[in-house]
Amino acid sequence: MMNELSGPAEVVAPRLLGALFVRELDGQRVVARIVETEAYNQTDAASHSYRGRTPRTDVMFGPSGHLYVYFTYGMHYCMNVVCGPEGYGAAVLIRALEPVEGVELMSARRGERTDVGVTNGPAKACQALGIDRAMNGHDLTQLPLQLLLNPPLPPDQIVQTTRIGITRAADQPWRFYITDNPYVSRV
DNA sequence: CTCTGGATTGAC
DNA sequence: TCAATCCAGAGG
């Protein structure tokens, strides 16, 4: 079912573009589309899994299709979809979403922002969907957070470029986003 | 135990 | 351009 997620991160990352997150939040249904991702494999010096399995990265080494959530800069959460075979630490960072349903709730969680700033960044996306450490390890086939894949996007709909905010392996083109999508974090 | 530097964001 | 604010991971 979610076997498509058991491959290398740089293959799964573009595959996740266009996929939907269905979130049950405060008794309401919120839906958002993935528009930007980044791949992180175990062999990648920029990946949290690079130095082996640790308490924090444990989920990255587990089965694909689960959510890896980490806390950073003392105030932000970022979420990843775990991929790769079990025992191999790989995941795809969700960098930006496009609201599809329940925009009001996402906006409320984001301090009533109504522009693209509601979900155009990894920590913003988590805040909009109410994702924190409690969701770490969550099975994405289940509510309250479900991942629904869509057919792969045609190549001309995908832009591949270098990742953002990293210092190691900064030249690797492992960032992917939907062409011309306004919710992409940065062009 | 101490120290360093973030897969960021929003304000200045 | 820079501070906020916590903690994982490395080294002693």
Side-chain angles (χ1 to χ4, degrees), chain A residues 5 8-17 19 21 32 34-62 64-84 88-99 106-138 140 145 147 158-178 181-187:
Chain A
L5 301 178
E10 76 279 11
V11 172
V12 177
R15 181 71 188 80
L16 284 178
L17 295 177
F21 270 125
I34 297 174
V35 301
E36 179 183 349
T37 59
E38 279 181 3
Y40 289 90
N41 283 296
Q42 193 173 332
T43 49
D44 169 15
S47 175
H48 291 169
S49 58
Y50 185 62
R51 295 170 195 280
R53 197 168 187 158
T54 65
R56 179 175 63 153
T57 64
D58 190 62
V59 175
M60 281 186 81
F61 290 79
S64 60
H66 286 241
L67 197 71
Y68 164 52
V69 180
Y70 68 88
F71 183 65
T72 191
Y73 290 104
M75 61 187 85
H76 300 298
Y77 289 101
C78 291
M79 62 173 157
N80 301 250
V81 173
V82 174
C83 57
Y88 181 82
V92 173
L93 172 69
I94 305 303
R95 280 201 60 90
L97 303 172
E98 176 177 353
M106 286 187 258
S107 177
R109 293 236 165 209
R110 290 279 302 127
E112 299 304 337
R113 282 193 76 146
T114 53
D115 59 348
V116 295
V118 180
T119 49
N120 70 348
K124 297 176 186 179
C126 281
Q127 193 178 14
L129 289 186
I131 306 296
D132 62 14
R133 58 177 97 247
M135 292 297 294
N136 189 38
H138 174 74
L140 292 170
L145 181 65
L147 175 65
I158 299 176
V159 175
Q160 176 172 188
T161 181
T162 51
R163 297 174 295 180
I164 292 181
I166 55 171
T167 54
R168 289 167 295 197
D171 53 331
Q172 297 302 324
W174 291 331
R175 175 183 179 223
F176 305 84
Y177 61 83
I178 297 180
N181 189 284
Y183 287 87
V184 168
S185 67
R186 164 189 149 190
V187 187

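Chain letters run A, B, ... following the sequence lines, proteins first, then strands; residues in each count from 1. Note that the coordinates shown come from a computational prediction; the quantities given were computed from them, not determined experimentally.
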Could you walk me through whether A:Phe176 and A:Val12 satisfy the side-chain contact (heavy atoms from CB on, under 4.5 Å) test, starting with their C-alpha distance in whole Å, then the side-chain angles of each, then the deciding distance to 0.1 Å, before giving a yes or no?
CA-CA 10 Å; A:Phe176 305 84; A:Val12 177; over 6 Å; no
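- Summarising the geometry, the separation between CZ on A:Arg53 and C1' on C:dA8 is reported as 17 Å, rounded to the nearest angstrom.
- Using modelled atom types, one finds no donor on one side chain facing an acceptor on the other under 3.5 Å when comparing A:Arg109 with A:Gln127.
- A:Leu140 pairs with exactly one of A:Leu5, A:Val81, A:Val82 by the side-chain contact (heavy atoms from CB on, under 4.5 Å) rule, that one being A:Val81.
- Side-chain nitrogen and oxygen atoms of A:Arg56 include at least one within less than 4.0 Å of the OP1 or OP2 phosphate oxygen of C:dG9.
- Base pairing annotation: B:dG10 forms a Watson-Crick or G-U wobble pair with C:dC2, both donor-acceptor distances under 3.5 Å.
- Looking at heavy-atom distances under 4.0 Å, A:Ile166 makes contact with sugar-phosphate atoms alone, never a base.
- Rounding to whole angstrom units, CG of residue A:Asp115 and P of B:dT9 are separated by 13 Å.
- Considering only side-chain atoms of A:His76, the nucleotide from C:dG9, C:dC7, B:dT8 that sits closest is B:dT8.
- We find that CG of A:Asn120 is positioned 13 Å from P of B:dT8, with the value rounded to whole Å.
- With rounding to whole Å, A:Arg110 atom CZ is found 8 Å from B:dT9 atom P.
- Side-chain N/O atoms of A:Arg95 include one lying less than 4.0 angstrom from OP1 or OP2 on B:dT8.
- Rounded to a whole Å, the CZ atom of A:Arg133 is 13 Å from the C1' atom of C:dT5.
- Residue A:Tyr70 places no side-chain atom within donor-acceptor reach of the base of C:dA8, judged by atom type and a 3.5 Å distance cut-off alone.
- For A:Tyr50 and C:dA10, the OH to P distance is 12 Å, given to the nearest whole Å.
- Separating the CZ atom of A:Arg113 from the P atom of B:dT9 is a distance of 10 Å, rounded to the nearest angstrom.
- Geometrically, A:Arg133 engages A:Phe71 in a cation-pi contact defined by less than 6.0 Å to the ring centre and at most 45° from the axis.
- Rounded to whole Å, atom P of C:dC6 lies 8 Å from atom CE of A:Met75.
- Using atom P as the reference point in both C:dT5 and B:dT2, the two lie 22 Å apart (nearest Å).
- Listed here is the closest heavy atom pair of A:Leu16 and A:Ile34: O-CB, 3.5 Å.
- Between the side chains of A:Asn181 and A:Glu98, a donor-acceptor pair is found at a separation under 3.5 Å.
- Of the candidates A:Ile131, A:Ile94, A:Leu93, A:Leu93 is the only one forming a side-chain contact (heavy atoms from CB on, under 4.5 Å) with A:Cys78.
- Closest contact between the side chain of A:Asn80 and the listed nucleotides C:dA8, C:dT5, B:dA7 involves B:dA7.
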Distances under 3.5 Å only, N/O to N/O: pair up the protein atoms with those of nucleotides 2-6 of chain B.
none

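- Among the atoms of the strands shown, base atoms are found under 4.0 Å from some heavy atom of A:Ala46.
- Taking only side-chain atoms of A:Arg51, from C-beta outward, the nucleotide of B:dT9, C:dG9, B:dA7 with the closest atom is C:dG9.
- At a threshold of 4.5 Å between non-hydrogen side-chain atoms, the residues A:Tyr68 and A:His48 count as touching.
- Closest to the A:Thr54 side chain, of the nucleotides C:dT5, B:dA7, C:dG9, is C:dG9.
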